[in-house]
Amino acid sequence: MNTEIFGIIAMFLLTLALAIPLGKYISKVYGLEKTWLDFIFNPVEKVLFKLSGVNPEQEMNWKQHMKALLTINVVWFFIGMIIMMTMGSLPMNPDGNPSMSADLAFNTVISFVVNCNLQHYSGETGLSYLGQFYLMFLQFVSAATGMAAAVVVFRAFRDKTTTELGNFYTYFMKSCTRILLPISFVVAILLAFQGTPMTFEGKDTVTTLQGSSQDVSRGPAAAFVAIKHVGTNGGGFFGTNSAHPFENPTYFSNMVEMIAQMLIPFAMIFAFGYFIKRKKFSWMIFGVMTVGFLALTIPNVIAEMQGNPMIQKMGIDTSLGAMEGKESRIGAAATGYWSIATTVISTGSVNSMHDSTMPLSGMNELLAMMINSFYGGVGVGILNFFIFIILAVFISGLMVGRTPEFFGKKVEAREMKIAMIIALIHPFLILVGTAITAAMPQYGTATLNNPGFHGLSEMLYEFTSASANNGSGFEGLGDNTFWWNVSTGIVLLLARFLPIIGPVAIAGLLAQKKYIPENDGTLKTDTATFGLVTLTVIVIIAALAFFPVLALGPIAEYFTIY
Amino acid sequence: MNKDQSLFQKEIVQQALVQSFVKLNPKLLFKNPVMFTVEIGTIVMLFVSIWTLTGETSQGSFGYNFVVFLVLLFTLLFANFAEAIAEARGKAQADSLRKTREETPATLQSGEKISSSQLKKGDLFVCEAGDTIPTDGEIIEGLATIDESAITGESAPVIRESGGDKSSVTGGTKVLSDRIVVEVTNEPGESFLDKMIALVEGASRQKTPNEIALTILLAGFTLVFIIVCITLKPFADYSNVNITIASFIALFVCLIPTTIGGLLSAIGIAGMDRALRANVITKSGRAVETAGDIDVLLLDKTGTITIGNRKATQFYAAPGISQDQLVKAAVLSSMSDDTPEGKSIVELAQIDPLTLQVNNAQFIKFTAETRSSGINFDGTRIRKGATDAIKSIVINAGNPFPTELLDQVKIIAENGGTPLVVSENEVALGVIELQDIIKTGMFERFERLRKMGIKTVMVTGDNPLTAKFIAEKAGVDDFIAEAKPEDKMNYIIQEQLAGRLVAMMGDGTNDAPALAQADVGVAMNSGTQAAKEAGNMVDLDNDPTKLIEIVEIGKQLLMTRGTLTTFSIANDVAKYFAIIPALFITAIPALQGLNIMHLHSPESAILSAVIFNAIIIPFLIPLALKGVSYKPIGASALLRRNLLLFGVGGIIVPFIGIKLIDIVVALFI
């Protein structure tokens, strides 16, 4: 078999093999069972909870959970704004990088608080090490926020009828200490061995082969790159993200980072099943997500490995694939795989220039973010998917001749209202954002590198990435402008918190309802048939809504080339 | 009742056609968000058509725009027609039930004759043999045989009497014998039937909870496509593509779920309508919907599971007694026994009692103390009765009671039967076995219910042993033996606490609390007023097996909603592939690649899509009215079946339909 293809299959299977036991472990962590790291972290947590005056055992309902979640996020935002706008004159700034402008700081802090990491700056010149550290802190806590919210949904379906859904701070803390920290630690060490720098010293000056001297940026990158993937954040330490030879030095490091970013999203699916004791249900979810993921990935890998026909016509050998914007140490296949992996889950770290991928590959990257629930970001992926489950339950529940119910709870008007609003937000933010930008050439067209169909894709990509809280850039876009910073900043905020609150609210409302025992006439949600309905709902709602704009962007581009 | 009326009768269709136009009133359409947006689109197209007449050229020809306008108008009319015909059919059905009771003369107790429409609640009227009962009421004095065939279609007369659980009479039915005094139970125009007609007509029709939730889903889809269509304008401008107003509106109307949006209320009305066709009056649309969710059915044994009364099935002679002697004695003892059991003994023996020589006969009536009955003649004393009673007669006379007979008695009891021992001159002759006869087909019906996920519970006054035997034989899942009214109530509450929905049928006043407690309570029309008030449905046929039909009607209703929603949404795929290339290929010829149906031209593609979108509604009206048939094959298999039919079908059908329409449309462009 082609080694490149073998490489990506190995990446996928390894991730799955690690994710199943990890899922079991995660379920134990949230079930507050004893785990092997308790001896270190229990005392630490006790001190932290005591200092902050939080009672980690107080049971919360869904509203209290959301209040706690929003409160800590607001605090992080304000601390972040202060640091970003003053770091130039604060310690830990060996390279003497400047503070950020207000709009850039707004965009940066928001995008790290919401686990998106849409970076309108370059790490080498735009941040001090203190700034990098604060952003790294946000990468931990924003991932833990999403996970804690997902656990609230898990809890809602574990007990028959309840309003008590555990304690937010406990879930949040456990996510950080029992899951994110240990995995990041392992990943960081593996990366450091591959050559990723981990130092507090400033730029190094080297003499190049030509004899001239050049400054090379360094920093505590290994730790940063680890959590950027483990927490599906995606914000690079350096400007070119995981295409940079320090962030992603080898094929092996590429594999490690690939597995690291998909690991928790996979594991959360299995954790859900273990937690509510419905393992088959996990496999249904995993099946649907995987079918969707493969439907996007396979065409990408093929298209990228085949190369660009326009370049072939120029008589240039493209046997290695479409290598424009790619790293030769990684290759076309692994890059194609990465480009979908990073967009289906909300990481958004890139190891190539997505702007340079083939038209339909670009479309698939866009679709991956438009759907945003094939695996999805840590915690939030499953929350997004949950909305589609509710919609699928409603339609297929009726088709078996009962009013719709999910795990013994009736899905009624109130839940439908919330589910519909959440399902609408994403297309609304993407389409309206892009439409306004397209209608105002001074803000939109002026910042584009490419005219025509591709230019539309560039604008569309930026808003899609923001709304999906993905953070990857198509690039080819001068995005550090007031318009882009503020508009995507607002999109980021709305697209993060509403899709967290919505599913948690639905789960909270369902949890309070009377439990109806299942019988032969009840819709089974852990079957392939139901999976198919869910997939269809996703395709029709999430994908078809974008068909017209995609036709004017990547599809038109595709038909022009071929 | 005429149950097999064709779907489209002439006068009903005419009535519905008029209503289709009346319902264009925006105030009425506003309740249906999907169709309301179509109406806005239609009005816009009317203005665009007029605009093109003034010489405007940017929007295409007048003819094209006007045709789009017409097609949209027809989309609205078709949707209105669906609702109107469902209403008209329900009303016609209810009217035919009501017709019989209009303007019947009523005789007040004073002897004064007035018209039935003047009767008020609480008035007393008298009916004698030959009279038609003027309105619904409760007998307060007397007993009468009544012909209820006008309502139930059942020709055998029934007995109604004051007091007890069979005291209600229905307007329009006929008194055949005797005289009764009846108290009017409803104000004119407020009978259950009147209320149901109001529900069907729409005046007091409210959306059911599930309908509301579905409307939210459909409104959500509509909103998505509003966003899609509005934002398409700047994208098209950016790409230098000019899109006409007609194209925008066509895209929008085709993408929003107009099929289900147009048929939704028709489906709901048709559900109540089907219930009425089964002679069940529902007091709300909600009750029909709830019926689909029922988890537990409480069924009375007598009349539902077994045929009315026990029947003699076997004679067992005691040792040394010939079978003939026993049979003859049994017949003699039953000569004057008018009970159904007594008659069945004669029937089983196949001996006409009148052929037997009996002189100076003296009949002994059954009493609670002796617990036996019989006959004395010419020095012969024959008795039949409960085992204990006969045994004591036999033993008191110094005769032995054979142990073989005792064993036989035990076997009969264990098999769910009732043993009757026969003695002649204080000598035990043998035993007659009486058995409950389970209605044919009940086992299959319960099996069907089980596959639907519904638990059946038999309610009976029998002792637990007998009850258990019949329950097993009939195939019900559980039983309540020696049931008192409060036992029913407790059982319902217990099931409801476990989260299940319970349906029951009842007629007596003492059933009223349970009928009210049950999620679906069906009162028999012959039952007391209290029972009818407590339940949320009334069965005009007084047929206890009706519950099963009601559950299926509820399931059909929900399934029809689900499948047509699926169909409607699945249609979008083909419509996208018709319209999107049509919008863009003039400006971006490369997008011809998306025109996978090879439609003739952009105009023909758009027209074909909107025409398909319009005519699919009338095509589906019969399905909406009749309901998707329910098959008890388990939820997963049912889902697969419906997905294949309406999901996959919903994707494929429009591809074919649009292509065919395009071929025709291309002839005219």
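Numbers restart at 1 for each chain; the letters A, B, ... are given by sequence-line order, proteins then strands. Small disclaimer: the values here were computed from a predicted structure and weren't measured.
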Under 4.5 Å heavy-atom distance to chain A, tell me which part of B:Phe646 shows up: side chain, backbone, both or neither.
neither
What part of B:Phe235 gets closer than 4.5 Å to chain A, counting heavy atoms only: side chain, backbone, both or neither?
both
Closest heavy-atom contact between B:Val228 and A:Ala545?
CG2-O, 3.2 Å
Taking it one step at a time, do A:Leu552 and B:Tyr238 satisfy side-chain contact (heavy atoms from CB on, under 4.5 Å)?
CA-CA 10 Å; A:Leu552 286 174; B:Tyr238 169 89; over 6 Å; no
Nearest heavy atoms of A:Val400 and B:Tyr630, plus distance in Å
O-CE1, 3.9 Å
Note, A:Ile541 side chain near B:Phe221 side chain (heavy atom, < 4.5 Å)
yes
Please flag which part of A:Thr536 lies under 4.5 Å from any non-hydrogen atom of chain B: side chain, backbone, both or neither.
neither
Pick from A:Leu456, A:Thr437, A:Thr527: which one has the most heavy-atom pairs with chain B under 4.5 Å?
A:Leu456
B:Gln496 portion near chain A, given a 4.5 angstrom heavy-atom threshold:
backbone
Tell me, side chain or backbone of A:Phe394 under 4.5 Å from chain B's heavy atoms, or both, or neither?
side chain
Part of B:Ser239 within contact of chain A (heavy atom distance under 4.5 Å)
side chain
Region of B:Arg641 in contact with chain A, defined by heavy-atom distances below 4.5 Å
neither
Side chain, backbone, both or neither of B:Leu557 within contact of chain A (heavy atoms, under 4.5 Å)
neither
B:Leu232 side chain reached by A:Val549 side chain, heavy atoms, under 4.5 Å
no
Distance, nearest 0.5 Å, that separates CD1 of B:Ile216 from CD of A:Glu415
9.5 Å
What orientation do A:Phe547 and B:Tyr576 show, parallel under 30°, tilted 30 to 60°, or perpendicular over 60°?
perpendicular
I'd like to check B:Thr231 versus A:Val432 (side-chain heavy atoms, cut-off strictly below 4.5 Å). Are they in contact?
yes
Can a salt bridge be assigned to the pair B:Lys455 and A:Asp520 using a cut-off of 4.0 Å between side-chain N and carboxylate O?
no
Applying a strict 4.5 Å limit to non-hydrogen atoms, the region of B:Ile588 in contact with chain A is side chain
Using every non-hydrogen atom in the two residues, find where B:Gly453 and A:Asn519 come nearest and quote the distance to one decimal.
O-ND2, 2.8 Å
Among B:Ala498, B:Pro209, B:Ala637, who wins on heavy-atom pairs under 4.5 Å with chain A?
B:Ala498
Using a cut-off of under 4.5 Å for heavy-atom pairs, which of A:Gly553, A:Ala438, A:Ala551, A:Ala528 has the most such pairs with chain B?
A:Ala551
I need the B:Leu643 CG to A:Phe530 CZ distance, nearest 0.5 Å.
10.5 Å
Minimum heavy-atom distance B:Ala570-A:Ile540, with the two atoms named
CA-CD1, 4.3 Å
So which residue, A:Ile516, A:Ile421, A:Val411, ends up with the most heavy-atom pairs under 4.5 Å with chain B?
A:Ile516
Test A:Phe559 against B:Leu594 for side-chain contact (heavy atoms from CB on, under 4.5 Å), laying out the working first.
CA-CA 9 Å; A:Phe559 282 116; B:Leu594 277 182; 3.9 Å; yes
Given a strict heavy-atom distance threshold of 4.5 Å, which part of A:Met399 is in contact with chain B: side chain, backbone, both, or neither?
both
Quick check for you: to the nearest 0.5 Å, what is the distance between B:Glu289 atom CD and A:Arg402 atom CZ?
12.5 Å
Rounded to the nearest 0.5 Å, what separation is found between the OG1 atom of A:Thr560 and the CG atom of B:Leu591?
7.5 Å
Between A:Thr403 and B:Asn210, do the side chains contain an N or O donor and an N or O acceptor separated by less than 3.5 Å?
no
May I ask you to test the B:Leu217-A:Ile395 pair for a side-chain heavy-atom distance under 4.5 Å?
yes
B:Ile580, part contacting chain A, at a heavy-atom distance under 4.5 Å:
side chain
For residues A:Ile436 and B:Pro234, determine if any side-chain heavy atom of one lies less than 4.5 Å from a side-chain heavy atom of the other.
no
Using non-hydrogen atoms and a 4.5 Å limit, figure out which bit of B:Val241 sits close to chain A: side chain, backbone, both or neither.
side chain
Okay, A:Ser396 and chain B: the region with an atom under 4.5 Å from a heavy atom over there is both
Indicate yes or no: at least one non-hydrogen side-chain atom of A:Leu424 is less than 4.5 angstrom from one of B:Ile227.
yes
Heavy-atom distances under 4.5 Å only: say whether A:Lys417 touches chain B with side chain, backbone, both or neither.
both
Need one label for A:Leu391: side chain, backbone, both or neither, based on atoms under 4.5 Å from any heavy atom in chain B.
side chain
Considering only heavy atoms, which portion of A:Lys410 lies under 4.5 Å from any heavy atom of chain B: side chain, backbone, both, or neither?
side chain
